[in-house]
Amino acid sequence: MAHRIPVIDADECIACGNCEQVCPEVFRLNEALGHSEVINPGGAPEEKIQEAMDQCPVQCIHWQDE
Ligand code: SF4
């Protein structure tokens, strides 16, 4: 079965922190780097990850086939 993981386009990320707020199991804002990171791609159900993606103001979180 195909599995997909979320990836963040770090160049596009504006470090707003929305993704971490919606889904802290998967996303964490790295203030030192100035963008968010995927800390645990399988840490939450896809629906919750999708919700974080939908709330990203610059739409820079995407699904990638593993
Ligand atoms: S919601 Fe989008 S812009 Fe905001 S920190 Fe997360 S990845 Fe970056």
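All residue numbers in this chain count up from 1 along the given sequence. Counting starts at 1 for both ligands and their atoms, in listed order. We use all heavy atoms of the structure for the numbers below, so side chains are in, but hydrogens, waters and symmetry mates are not. These figures come from a predicted structure and were not determined experimentally.
A distance of 9.5 Å separates CD of Glu37 from SG of Cys13, quoted to the nearest 0.5 Å. Distance check: His62 NE2 to Ile5 CD1 gives 13.0 Å after rounding to the nearest 0.5 Å.
Around CD of Glu66, the count of heavy atoms belonging to other residues, nucleotides or ligands within 6.0 Å exceeds 12.
In this structure, Asp65 contributes its side chain and Arg4 its backbone to no donor-acceptor pair below 3.5 Å. With hydrogens and angles disregarded, a donor-acceptor distance shorter than 3.5 Å links the side chain of Glu20 to the backbone of Leu29.
Within the protein, the number of N/O/S atoms found under 2.8 Å from atom 8 (Fe) of ligand 1 is 1.
For Ile8 against Val38, the heavy-atom pair with the smallest separation is CG1-CG2, 4.0 Å.
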